[in-house]
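I have placed the structure first, in the form of structure tokens, so that the comments after it can refer back to it.
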Amino acid sequence: MIRASLAALICLAACGEQTPPQMAADSALAPSEVRSGYTFLQPETQALQDDDFSNPSYLWIDRGAGLFSQAPEKGGAACASCHTGANLPLEGAAARYPAYDEASKSLVNLEGRINLCRQQHQALAPLAYESDDLLSLTGYVASLSRGESVSVSIEGPAAPYYEMGRAYFFQRKGQLNLACSQCHNEHWGRQLRGDTISQGHGNAFPAYRLEWQAFGSLHRRLRDCDAGIRAEPLDYGSELYTAVELYLASRAGGLPMESPGVRR
Ligand code: HEC
Ligand code: HEC
């Protein structure tokens, strides 16, 4: 395997043209070569994801299943009493997020949708992004779509968000002046700091990362990638990261949902 050092990656930015363009080359990922991050993992990490009893994510998923069927303390319906087998089932729902929400006139991801239900249907305050409760509920709902093909709408009111997310993906940034696309479109399969660079899909998230020793959201993973190129990470739940999430889901072109994934 070719070994690309970080120095060589930095070189992509600094050793190129004299007047570096703001945007990286608009390289695309050919649909026929789309591969899940899972296929780049060591066999031991794959085995953790494959076996629900070894997958540490289940500490969160089981807790999420409990929260889902628990009625709010002040009264009202539990998630489970509205989302039963026959009525508003959530199997497959996570595969369609992020999605444009007419009522709030915004793009919402699964975390955002769950918080809308808390506010609109349970008279509860939204849960903080990356709190154990929100991660657990999101993980549980996402697990109901395991194996479903990622399939988001980028039409109509979702289109401007798709464009926003796509632009971010090709935007050079940070002290290393690198774009997402330079690692995940142009250098996937190469080694970087002990990792094999994957194509940067979001289909395993929320996921348990060994480095975090915890279950975490896709936005947490994006913050790590931005920090890795010494760019200022965006806020959890920000509109722009949610737009990037939409772009990634569209780019994943039908990969199966893997959440709860396990990653290094
Ligand atoms: C009182 C009934 C009610 C409760 C309680 C409720 N929901 Fe919902 N939920 C809905 C309705 C109705 C929708 C459809 C969108 C809308 O009209 O708000 C929905 C939509 C959703 C969706 C999107 C489904 C899709 O196919 O796009 C998710 C995910 C979801 N709810 C999760 C939850 C979770 C998790 C909880 C508990 C924290 C919860 N809901 C509590 C009624 C409820
Ligand atoms: C310097 C190279 C580099 C840049 C630039 C970069 N990443 Fe990453 N990214 C990595 C590495 C290394 C990993 C961990 C191994 C892998 O690719 O799954 C990773 C992981 C990911 C993952 C998780 C994939 C999985 O299956 O677990 C996603 C999603 C992702 N990156 C998206 C992005 C986005 C979006 C950007 C731009 C905001 C970005 N990355 C910028 C190197 C980079």
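Note that the numbering runs from 1 along the sequence shown for the chain. Just so you know, ligand 1 is whichever comes first in the structure, and atom 1 is the first atom listed for that ligand.
Among the atoms of Lys173, none of the N or O lies under 3.5 angstrom from an N or O of ligand 2. Checking only distances, Ser198 does come within under 3.5 Å of ligand 2, N or O to N or O.
Note: Tyr247 and Phe169 have tilted aromatic rings, judged against thresholds of 30 and 60 degrees for the angle between ring planes.
Both the backbone and the side chain of His121 come within contact range of ligand 1, each with a heavy atom under 4.0 Å. At a heavy-atom cutoff of 4.0 Å, ligand 2 is contacted by no atom of Trp188, backbone or side chain. Neither the backbone nor the side chain of Leu176 has a heavy atom within less than 4.0 Å of ligand 2. By the criterion of a heavy-atom distance under 4.0 Å, neither the backbone nor the side chain of Asp224 is placed next to ligand 2. Counting heavy atoms closer than 4.0 Å to ligand 1, residue Leu116 contributes nothing at all. Proximity of Ala103 to ligand 1, defined as any heavy-atom pair under 4.0 Å, is not found for any part of the residue. If you look at Leu67 next to ligand 1, there are no close heavy atoms at all, none under 4.0 Å.
Here His219 and Tyr236 keep their ring centres 6.0 angstrom or further from each other. Ring-centre distance between Phe68 and Tyr140: below the 6.0 Å cut-off.
Residue, atom and distance of the protein heavy atom nearest to atom 22 (C) of ligand 1 are Arg113 CG, 3.5 Å. Nearest to atom 26 (O) of ligand 1 among the protein's heavy atoms is Arg96 NH2, 2.8 Å. Counting only heavy atoms of the protein, atom 40 (N) of ligand 1 lies nearest to His83 NE2, 2.8 Å. The protein heavy atom nearest to atom 14 (C) of ligand 1 is Leu88 CD2, 4.4 Å. For atom 25 (C) of ligand 1, the closest heavy atom belonging to the protein is Tyr97 OH, 3.6 Å. Of the protein's non-hydrogen atoms, Cys117 CB, 3.4 Å is the one closest to atom 39 (C) of ligand 1. Protein heavy atom at the shortest distance from atom 24 (C) of ligand 1 is Leu90 CD2, 3.7 Å. For atom 37 (C) of ligand 1, the nearest non-hydrogen atom of the protein is Cys79 SG, 1.8 Å.
Looking at Ala24, Gly228, Cys180, it is Cys180 that brings a heavy atom closest to atom 34 (C) of ligand 2. Closest heavy-atom approach to atom 2 (C) of ligand 1 among the candidates Cys82, Ala93, Pro89, Ser104: Cys82. Of the candidates His201, Arg221, Arg263, the one placing a heavy atom closest to atom 20 (C) of ligand 2 is Arg221.
The closest side-chain heavy-atom distance from Lys173 to Cys180 is below 4.5 Å. In this structure the side chain of Glu239 never reaches within 4.5 angstrom of the side chain of Leu107, judged on heavy atoms. Two residues are said to be in side-chain contact when any heavy atoms from C-beta on lie closer than 4.5 Å; Gln191 and Thr196 meet this criterion. Residues Asp101 and Arg113 are in side-chain contact: their nearest non-hydrogen atoms beyond the backbone lie under 4.5 Å apart.
Note on ligand 1: Tyr140 sits outside its first shell, no heavy atom being nearer than 4.0 Å. Residue contacts with ligand 2 include Tyr168, since one or more of its heavy atoms lies under 4.0 Å from the ligand. Between Gly92 and ligand 1 there is no heavy-atom distance shorter than 4.0 Å. Within the structure, the closest approach of Asn203 to ligand 2 does not fall below 4.0 Å when heavy atoms are considered. By the 4.0 Å heavy-atom criterion, Phe205 is counted among the residues contacting ligand 2. Heavy-atom separations between Ala179 and ligand 2 include at least one value shorter than 4.0 Å.
Per-residue contacts place Ile114 under 4.0 angstrom from the following atoms of ligand 1 (heavy atoms of the residue considered): 35 (C). Proximity to Ala77 (heavy-atom distance under 4.0 Å) selects the following atoms of ligand 1: 5 (C). Those atoms of ligand 2 with a heavy atom of Leu192 less than 4.0 angstrom away are 1 (C), 2 (C).
Residue Cys183: no N/O/S atom is found under 2.8 Å from atom 8 (Fe) of ligand 2.
Per residue His184, closest N, O or S atom to atom 8 (Fe) of ligand 2: atom name NE2.
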Item checked: Pair Ser238-Asp235, side-chain hydrogen bond (donor to acceptor under 3.5 Å, both in side chains): steps then yes or no -> CA-CA 5 Å; Ser238 67; Asp235 288 341; over 6 Å; no

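Just one residue in the list Tyr58, Trp60, Phe205 forms a ring pair (Phe, Tyr, Trp, His ring centres under 6.0 Å) with Phe215, and that residue is Trp60. Among Asp52, Asp50, Asp51, the single residue meeting the side chain to side chain contact (heavy atoms under 4.5 Å, CB included) criterion with Ser54 is Asp51.
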